[in-house]
Each structure stands twice: as C-alpha cells, then as structure tokens.
2 protein chains.
Amino acid sequence: MARSWFSEPPEDQKEVCPVTETQDIIAGKWKIIILWHLSIQTRRFNELHRLLPGISKGILTRQLRELEEDQMVHREVYKEVPPRVEYSLTPIGQSFIPILDSMGEWGIKYKKSCKKAKAYTNL
Amino acid sequence: MARSWFSEPPEDQKEVCPVTETQDIIAGKWKIIILWHLSIQTRRFNELHRLLPGISKGILTRQLRELEEDQMVHREVYKEVPPRVEYSLTPIGQSFIPILDSMGEWGIKYKKSCKKAKAYTNL
DNA sequence: CGGAATCCCGGCTGATACTG
DNA sequence: CAGTATCAGCCGGGATTCCG
C-alpha cells in the first residue's frame, strides 16, 4: 500500500473502464494542445512556447516532461550553441493522432452546433 | 474585462487549434469517464456514483452539471418518491462516442505497449 | 535557447452534514 | 434517492529568477 488508502481504488477501475488510462495521460491543461501541435510536425521548445499563448516556460517544460514519461513525446537534444531541442511524437504518441484529429473535427462541429450555454451562465 | 487579464488569449488560439474547444469540455478529472459510462447506457445518479469509486456526490453533481451546460449530457428528472434522475448523452454527447471508444481502445493498447515509467518514478 | 529552481495562488477536488 | 451547502486542502498552473 503505497498511497491507495483514500479515494483511489485504482485497479478495478482501470479494468472496468479503459478510458481511465487515457484520461490520466491527457489530463493537464495543455497536453492535448501540445500533442496536437506536435502531430503537425516536430517543434522546438520556443516554437511550442509561441504556439501556446499564455503558457509559461516552466509549465511547458513540465507538461512536456510528463508526456515524455508517458512515452508520448520524444525529446531530441542537439549539442549546439545555442542549444536546440526538438520535440516530436513517439510511435505511441503517433498512434494517438487519429484521436487528436477526431477531437479537432469534433470541436469544430461542436462550435457550429451549439452556442455554449456556459458563456451565458448569468441567464 | 471579466477575467481575461492574464494567461488567456482565447480567440486566436481557438481559431488556430481546434482541439482547444474539445479540451475545454473534457477537462475535469472525471468527465471523460462519466461520458464513457453514459455511452454504454443511461445511468441513474447513484449508479454513476458507484461506478466512479472515489468521487464524492458533490463533485459528481458538479461535473454532471458542467457537462449539461456544455450540452453533452441530458438530465431527466422523474417526479417520483423516492426521486429518480437519469443521465444520458445528448445528440452532441453521442457524437462524441466514437472518440470515447477510440480512447478506450487506445488505452488498452497503450497499457500493452508500455509499462508506464511514471509508476516507477522512484527508480 | 532551453531549461531548473522557487514561490505563490486559486480553483478544483473532496469530506461532511443536512435536506426534500 | 438525489442532491445542496459549507469548508478544508492539495495539487497543478503560473510568475519570476537564475543558469549553462
């Protein structure tokens, strides 16, 4: 018993519900968006930073590291001056691209089919 | 200026990157899992509560409400004693099912193809 | 350029108690 | 049964500073 003493009955849940695994990986405010940008092409760190307006370098680093740990993203360091680091999708990450595409298409259809009630919460 | 004074350049971002929309909707610790359970069949409140070990009723309610606001989930109240409330997917929610399925399948493949490094962080 | 190290902060999450 | 209300806390995001 490491840390399963509260609110976490991990095993059975993941057995029963396979999306749990996926949920764990793409949870994180920027991960889906990062993966999407990497699905287009390999990107450098600052390139990603520019593509994600509002994210700080610290956070970007963390999200990328976590994606690395989950073997979704590959980090290639070129020993140069100034340094260059390129991020790309691993094979596992690439296998996720169809889902990213679906999510993109769905997002577009979603915007068309409904004006978000959330925006008008004050009604 | 409501609350967009920091870290939120919403418009352009969503233009450029369609997954942002989707990200916003499925963000939330339990939403994907809730949607998945509802994709199987209509469920009652306590049924969902049992299916999601670890979630509290308060949180479950909130996540469901948010999914309702986003028009993903329909809430049907039966005027009975004791009360009965059933949750199901709206048409928009149903249009998301393929993605849920993909995520489920992907999650299974993922588990096979890699032993998560995260679990052994202490190495 | 691409981070690492810190600190801070808010919001979501979660527990508990109460209600119709 | 299906919530609401309230409060606590934690974690993850964010800003800033420093480094090779």
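FYI, side chains are in, hydrogens and waters are out, and symmetry mates aren't considered; it's all heavy atoms of this structure.
- The phosphate of D:dT16 has neither OP1 nor OP2 within less than 4.0 Å of any side-chain N or O from A:K57.
- A:I40 and A:L60 fall within a single hydrophobic cluster, where Ile, Leu, Val, Met, Phe, Trp and Tyr are joined by side-chain heavy atoms under 4.5 Å apart, directly or via other members.
- A straight line from CG of A:L64 to C1' of C:dG3 spans 11 Å, rounded to a whole angstrom.
- If you chain together hydrophobic residues whose side chains sit under 4.5 Å apart, B:I32 and B:I108 never meet in one group.
- The shortest side-chain heavy-atom distance between B:Y87 and B:R44 does not fall under the 4.5 Å cut-off.
- Atom CG in A:L60 sits about 10 Å away from atom C1' in C:dG2, given to the nearest Å.
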Would you be so kind as to tabulate the donor-acceptor pairs closer than 3.5 Å made by side chains of residues 99-106 of chain B, with sequence neighbours excluded?
| residue | atom | partner | partner atom | Å |
| --- | --- | --- | --- | --- |
| B:S102 | OG | B:P98 | O | 2.8 |
| B:W106 | NE1 | A:S95 | OG | 2.9 |

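- Taking side-chain N and O atoms only, B:Q63 has a distance below 4.0 Å to OP1 or OP2 of C:dT13.
- For DNA chain D, the residues of residues 78-88 of chain B within the heavy-atom distance limit of 4.0 Å (strictly under) are B:P82, B:P83, B:R84, B:V85, B:Y87, sorted by number.
- A sub-4.0 Å separation between OP1 or OP2 of C:dG2 and a side-chain N or O of A:R44 is present.
- Looking at heavy-atom distances under 4.0 Å, A:R62 makes contact with a base.
- Out of C:dG3, C:dT13, C:dA15, the shortest distance to the side chain of A:T61 is found at C:dG3.
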Show the atom names and distances, to 0.1 Å, of all donor-acceptor pairs under 3.5 Å that link a side chain in residues 48-58 of chain A to residues at least two apart or in another chain.
| residue | atom | partner | partner atom | Å |
| --- | --- | --- | --- | --- |
| A:H49 | NE2 | A:I55 | O | 3.0 |
| A:S56 | OG | A:I59 | N | 3.4 |

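- Taking atom CD1 on B:I59 and atom P on D:dC11, their separation rounds to 15 Å, with Å as the unit.
- The 5' end of DNA chain D is approached more closely, in terms of each residue's nearest nucleotide, by B:F45 than by the other of B:F45 and A:G58.
- Taking the side chain as every heavy atom from C-beta outward, A:R65 and A:R75 approach each other to under 4.5 Å.
- In this structure, the CG atom of A:L52 is 14 Å from the P atom of C:dG3, given to the nearest Å.
- Summarising the geometry, the separation between CD1 on A:I25 and C1' on D:dG12 is reported as 18 Å, rounded to the nearest angstrom.
- Per the geometry, NE2 belonging to B:H49 stands 14 Å off P belonging to D:dT4, to the nearest Å.
- Counting to the nearest Å, the C1' atom of D:dT16 and the CD1 atom of A:I55 are 16 Å from each other.
- Under 4.0 angstrom from either OP1 or OP2 of C:dG2 there lies no side-chain N or O belonging to A:R75.
- Proximity of A:T22 to A:F96: side-chain heavy atoms (C-beta onward) are separated by under 4.5 Å at one or more points.
- Considering only side-chain atoms of B:R65, the nucleotide from D:dC1, D:dG3, C:dG3 that sits closest is D:dG3.
- The CD1-C1' distance, from B:I33 to C:dT13, rounds to 14 Å in whole Å.
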